[in-house]
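Heads up: numbering here begins at 1 and tracks the sequence. One-based numbering, in listed order, for ligands and for the atoms of each. Below, each value reflects all heavy atoms present in this structure, side chains not excepted, and no hydrogens, waters or symmetry copies.
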Amino acid sequence: AANSTSASYEAFHQALKSAKHIATLCGAGLSAESGIPTFRGEGGWWRTFEATELATPTAFKKNPSRVWEFYHYRRELVLKKQPNKAHKALVDFEDKILSQTPQNQTFTVITQNVDGLSSNLKNFIAMHGSLFRTRCTKCGYIEENRNSPICEGLKGTENSNFDINLPIEKLPSCTKCNGLIRPDVVWFNETLDPDILNKIHEELNRCDLFLIIGTSGLVYPAASYANYVKSRGGKLAIFNIEDTGKADFKFIGPCGETLPRALD
Ligand code: BJW
């Protein structure tokens, strides 16, 4: 694309060298090239529902079976997918930063993604939780859960029509108290974990180069981070297939192509 010339890569390489505290904000676009659908735009629908309509506490209260069908479908899909070139570029860059002597730069990946495809990084913050963690709605118990299927009732529903309407007893249940469990993700109108928010704020308060990768920038609080870093004098770099806003560096194109080159 016109604004991703070799000159802009060169200028970005200079900015990477002189930055002290580099951070990223990643979104669904980072995993798009692994074959995982994004939330908005083309493919951002789950059959007849907008994905974001199902990621709410109200939807879960009203129809836990439908919401579990959605999350079961996504868990099964993600279990078959691999990190792509953009995920790998982040890991390679982290390795590079960590192998420097003296260690005079930091690199932190903040991601909104719940797919775990960045979990081989050493320093990352998954601000919206994980598809592979569950939380009990009754006793609050949280645990890792990569079972496939997560329960018998949901087995084979990945390709069925929506609305299988399972009764609560057939939905995933707590290993401690048998209560109804839910995915340990952050839905709309829910607050983020305060410890995670603190960590993010610490990071944003020192960040001098912020990479915004594959996110539409529509969902708060993440949507406010770029302006915050900018207001403190930090530089912004956008990696997206669309032009999503103002930045010092813009790499328009699939991040599986732009990110490895930019971080090389
Ligand atoms: C590529 C690519 C390729 C494609 N290469 N790029 C202030 C103002 C107004 C509203 C609010 C506000 N503060 C809070 C709110 C309410 C709400 C909110 O933000 N609403 C907005 C819609 C306006 N926020 C909340 O409720 C948050 N809670 C909160 O703030 O609590 C306090 C509070 C509560 C109530 C009122 C006020 C304060 C919680 C938000 C939680 C979001 N949860 C979800 C679901 C997570 C679980 C799950 O996955 O199921 O998180 S929603 C969904 O959106 C998911 C994502 O992480 C998130 C962001 O989406 P993302 O990643 O940007 O994906 P897309 O699809 O939008 O974009 C993909 C991008 O990739 C596009 O740009 C493509 O072009 C690009 N792309 N292929 C590069 N190959």
For atom 46 (C) of ligand 1, is some protein heavy-atom partner under 4.0 Å away? yes
Consider only side-chain N and O atoms of Glu203 and Thr108, and report whether a donor and an acceptor are under 3.5 Å apart. yes
Non-hydrogen atoms of Arg74 versus ligand 1: any pair closer than 4.0 Å? yes
Around atom 5 (N) of ligand 1, find the nearest protein heavy atom and jot down its residue, atom name and distance. Cys255 N, 3.0 Å
Using a 4.0 Å heavy-atom threshold (strictly under), name the region of Leu131 that reaches ligand 1: side chain, backbone, both or neither. neither
In ligand 1, which numbered atoms sit nearer than 4.0 Å to a non-hydrogen atom of Glu190? 27 (C), 28 (N), 29 (C), 31 (O), 39 (C)
With sequence neighbours left out, write down each residue that passes ring pair (Phe, Tyr, Trp, His ring centres under 6.0 Å) with Phe107, or none if nothing qualifies. Phe93
Considering only heavy atoms, does Arg40 approach ligand 1 within less than 4.0 Å through its side chain, its backbone, both, or neither? both
Looking only at protein heavy atoms, which one is nearest to atom 62 (O) of ligand 1, and what is the separation? Ala28 N, 2.8 Å
For the residue pair Arg75 and Asn145, confirm or rule out a side-chain donor-acceptor distance under 3.5 Å. yes
Would a search of protein heavy atoms around atom 36 (C) of ligand 1 find one under 4.0 Å away? no
Ser148 side, atom OG; His72 side, atom NE2 - distance, nearest 0.5 Å: 7.0 Å
Can a side-chain donor-acceptor contact be found between Ser31 and Asp115 if the only test is distance below 3.5 angstrom? yes
Is a donor from one side chain sitting under 3.5 angstrom from an acceptor on the other, for Glu143 and Thr175? yes
Report yes if some N/O of Asn240 lies less than 3.5 Å from some N/O of ligand 1; otherwise report no. yes
Nearest protein heavy atom under 4.0 Å from atom 1 (C) of ligand 1, yes or no: yes
Test of understanding: given a 4.0 Å heavy-atom threshold, classify the contact between Thr215 and ligand 1 as side chain, backbone, both, or neither. both
Enumerate, atom names and distances included, each donor-acceptor pair closer than 3.5 Å involving a side-chain atom of residues 77-85, sequence neighbours excluded.
from, atom 1, to, atom 2, distance (Å)
Asn84, OD1, Ala86, N, 2.7
Asn84, OD1, His87, N, 3.2
Asn84, OD1, His87, ND1, 3.4
Asn84, ND2, Leu30, O, 2.8
Asn84, ND2, Ser34, OG, 3.1

Compare Gly217, Gly256, Cys26, Ala32 and give the one whose heavy atom is closest to atom 78 (N) of ligand 1. Ala32
